[in-house]
There are 2 protein chains.
Amino acid sequence: MATISDVAKKANVSKATVSRVLNGVPVREENRQKVLSAIRALDYQPNAQARSLTLGRTDVVGVLVPDMDGPFYGAILEGCQQALWSHGLYMIVRSTHHVKGSEPNLVKLLWEKRVDGLIIFTPREIKEKPMQALVKDLVTNNFPLVVADGELDSLSISGVWIDNFEGAYKATRHLIDLNHPNIGILLGPEDSPESKLRLNGYKRALKDHHLPVNPNLVAIAGDYRSESAEKVLPQLVKAGATAIFACSDELAYGVMESCKKQGIKIPQDLSLIGYDDVPFARLLTPKLTTVAQPLTQLGQVAAGKIARMINGTEREITQITLPTKLVVRETSSVYHG
Amino acid sequence: MATISDVAKKANVSKATVSRVLNGVPVREENRQKVLSAIRALDYQPNAQARSLTLGRTDVVGVLVPDMDGPFYGAILEGCQQALWSHGLYMIVRSTHHVKGSEPNLVKLLWEKRVDGLIIFTPREIKEKPMQALVKDLVTNNFPLVVADGELDSLSISGVWIDNFEGAYKATRHLIDLNHPNIGILLGPEDSPESKLRLNGYKRALKDHHLPVNPNLVAIAGDYRSESAEKVLPQLVKAGATAIFACSDELAYGVMESCKKQGIKIPQDLSLIGYDDVPFARLLTPKLTTVAQPLTQLGQVAAGKIARMINGTEREITQITLPTKLVVRETSSVYHG
DNA sequence: CAAGTAACGGAAACCGGTTTCAGTAATCCC
DNA sequence: GGGATTACTGAAACCGGTTTCCGTTACTTG
């Protein structure tokens, strides 16, 4: 493996001149050519590590995600990677694999690897002591840090989110627009951040349209599995739901299956909206109306932000919320008294 | 940010001694303690770049995938990341985004980043000139390289695959065991490597059990979308198929939908097997029998291999094929004359 | 107690780049 | 033709670690 000194020797110039040629600093044309041909002859590649050492940057961004095998973070990482590369940045990825207590360790490891910046997706422990301390440290050293899809509270960190409130609001309002009098919501985990926000969006939509909030129409599945939906569906049916907003496509699917068994026709007897717009949502019969989350865009925006923080274009701390998109398909229709 | 010299000064020892403490080289206990407390006091983190420079390694592995947002590579990368980390290695990921001609560039970029090794998943251009030359270069320099899910032909590279032949064979034999006389196969893209292997597996299973191969029972959807399945299903029905092995779950889903419309009952009138075992396969009604690919394991095995190549434990070039798992659910049942 | 040996630790070289600084050569202008 | 200005270039310092090499000290041992 040739080094810059080899090139210099072969071209009969100093290392400095080679370096200048490499970095586009003006050099006498004759020398430039000598250097370039030496580079070609030796198949020289500059050593990125040596470069990092002097320049004090690695052109690598650390990315922490809870998992990569689920339906979400693949798309997010794809967006990240694209946007980072458009700024000449590489991406080191680590997943916590949902292991409790691993977040601070992984953040520390990435940071020790001297990444130029760090994106943390969906931190679950950002409110806990060790993570708090660590994050505060990074922020005071004004190290480029972006948190995506996390609860920041009073922390002054740059953040990006997909708007859960707005997603739920849109879904609910769509059902209101279709004249539904009794709109139920089927939540996943009881007190996850997104559940709270979606519940608020749902309630707000009802209030804004002067509809009552009926506690019996608020059901909690506890998780996002279709089986859980089947368990709590009776509650909503008993409460007279004419439409249901399920907080994941899988929950919605559970509702569809359960309804099929009980002879409830969708959308004739019951309108249904899912959340996420996973690939199979458009495959179901009837095709599922759902709220699409801009996952790839989330990754892109977070990555773009960190890139600008790294190159110094963006100095203020900002927080961005991305809108969802309601994808109307076949499971939602007008309510006829 | 404190450096090793700062620590040395504070502890009243030389840089060398600090380095020794850091790397576990024996040092007088008294000095060890002085160094350790200096490290703590200054919150010292060794500079990974400087370390890489002298040591000549980065502890980073480059990983190239075609995409991350599809249903496969997320799980694969998760496996990769786990296995790499268990060897203290980090992972830089790049996706080609299926862009034609990008593979050699991306490999070169990763390699210039001085990664310690490279895993290429599903290379599509490995047989083309630029990629060939590049790969040959890497191999002759015996740079740690693992290709996963790619066609190696005569290239002597370490490789890992999921056994497409065996997966198709298993699926077909399962249907044979269920007494099906007319087993059809529904292929995706006409001449993709995996299609060829699966078709071979299918044919071999039939031959091994003394059943004829009927060309009319071999249908080509052209891609893996459910709509395509619906288009070619009539061909298989007309040819008298009593069972169909579809080469993706989405194709299988298309078959299910189409059959529903035509009043063909699954599994009573027609048995069906999918491929991939995507999450919604177990949600369908009836639940889809399918061939599960060990994606996470593929990532783990490839990563384990590269890790051993890097630390010198594994010197020979080896090729590993991973078996699939037939997941029998409800869409396949015994054929009754 | 002197000589030999083992255990430590510091100075300096090195990894492969970038950048400063000063010197040289070329150009300009009168 | 000579002095001032400008354009390049090379030597050397530097980034922050690791490692070699050698001198010092402490410990054995006869």
Side-chain angles (χ1 to χ4, degrees), chain A residues 1-39 41-60 88 90 109 111-116 141 311, chain B residues 1-39 41-60 88 90 109 111-116 141 311:
Chain A
M1 189 102 266
T3 73
I4 199 171
S5 306
D6 300 333
V7 175
K9 203 175 298 170
K10 177 145 198 143
N12 260 315
V13 296
S14 70
K15 295 197 314 178
T17 300
V18 178
S19 175
R20 285 190 258 264
V21 170
L22 288 167
N23 294 293
V25 178
V27 157
R28 187 145 43 89
E29 188 55 24
E30 185 199 332
N31 281 341
R32 235 178 69 81
Q33 290 308 330
K34 281 199 291 183
V35 169
L36 288 176
S37 72
I39 286 177
L42 297 172
D43 191 24
Y44 166 72
Q45 313 280 11
N47 182 317
Q49 259 51 51
R51 211 149 180 282
S52 291
L53 181 56
T54 37
L55 261 39
R57 60 187 164 84
T58 55
D59 294 334
V60 176
Y90 293 80
L109 282 167
W111 150 252
E112 283 170 20
K113 195 72 192 165
R114 303 276 161 142
V115 293
D116 289 349
N141 287 344
N311 70 24
Chain B
M1 188 102 266
T3 72
I4 199 171
S5 306
D6 300 333
V7 175
K9 203 175 297 170
K10 177 144 198 142
N12 261 316
V13 296
S14 70
K15 295 197 313 177
T17 301
V18 178
S19 175
R20 286 190 257 263
V21 171
L22 288 167
N23 295 293
V25 178
V27 156
R28 188 147 40 90
E29 188 54 24
E30 185 198 333
N31 281 341
R32 237 178 69 82
Q33 290 308 328
K34 281 200 290 182
V35 169
L36 288 176
S37 72
I39 285 177
L42 297 172
D43 191 24
Y44 167 72
Q45 312 280 12
N47 182 318
Q49 259 52 50
R51 209 148 182 285
S52 291
L53 181 56
T54 37
L55 261 39
R57 61 186 164 85
T58 56
D59 294 334
V60 175
Y90 293 80
L109 282 167
W111 149 251
E112 282 170 21
K113 197 71 193 165
R114 305 273 161 144
V115 293
D116 289 348
N141 287 344
N311 71 24

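Being a predicted model, the structure only gives us computed values, none of them experimental. Here is the naming used below: chain letters follow the sequence lines, and residue numbers restart at 1 for every chain.
The structure places CG of Leu53(A) at 10.0 Å from CZ of Arg114(A), a figure rounded to the nearest 0.5 Å. In this structure, CD on Gln49(A) lies 10.0 Å from CG on Asn47(B), to the nearest 0.5 angstrom. Atom CD1 of Ile4(A) is separated from atom CZ of Arg51(A) by 10.0 Å, given to the nearest 0.5 angstrom.
The nearest whole Å value for the distance from the NZ atom in Lys15(B) to the P atom in dG10(C) is 13 Å. Between the C1' atom of dT24(C) and the CG atom of Asn31(A) lies a distance of 14 Å, rounded to the nearest Å.
Comparing Glu29(B) and Thr54(B) along DNA chain C, the residue whose closest nucleotide (by nearest heavy atom) sits nearer the 5' end is Glu29(B).
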- Verify side chain to side chain contact (heavy atoms under 4.5 Å, CB included) between Val60(A) and Lys113(B), making sure each step is shown before the conclusion. CA-CA 10 Å; Val60(A) 176; Lys113(B) 197 71 193 165; 3.7 Å; yes
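Backbone-only contact: Val13(A) has heavy atoms under 4.0 Å from sugar-phosphate atoms and none from a base. Residue Thr17(B) is in sugar-phosphate contact alone, with no base atom involved, counting any heavy-atom pair closer than 4.0 Å across all strands shown. Ser19(A) comes within 4.0 angstrom of a base, heavy atoms only.
Ranking dA11(C), dT20(C), dG9(C) by closeness to the Ala16(B) side chain, first place goes to dA11(C).
Within the 4.5 Å cutoff, the side chain of Val35(B) has heavy atoms near those of the Val13(B) side chain. Between Ile39(A) and Leu22(A) there is a side-chain heavy-atom pair separated by less than 4.5 Å.
Once you apply a 4.0 Å limit to the heavy atoms of chain A, the touched nucleotides of DNA chain D run 5' to 3' over dC8(D) to dG16(D).
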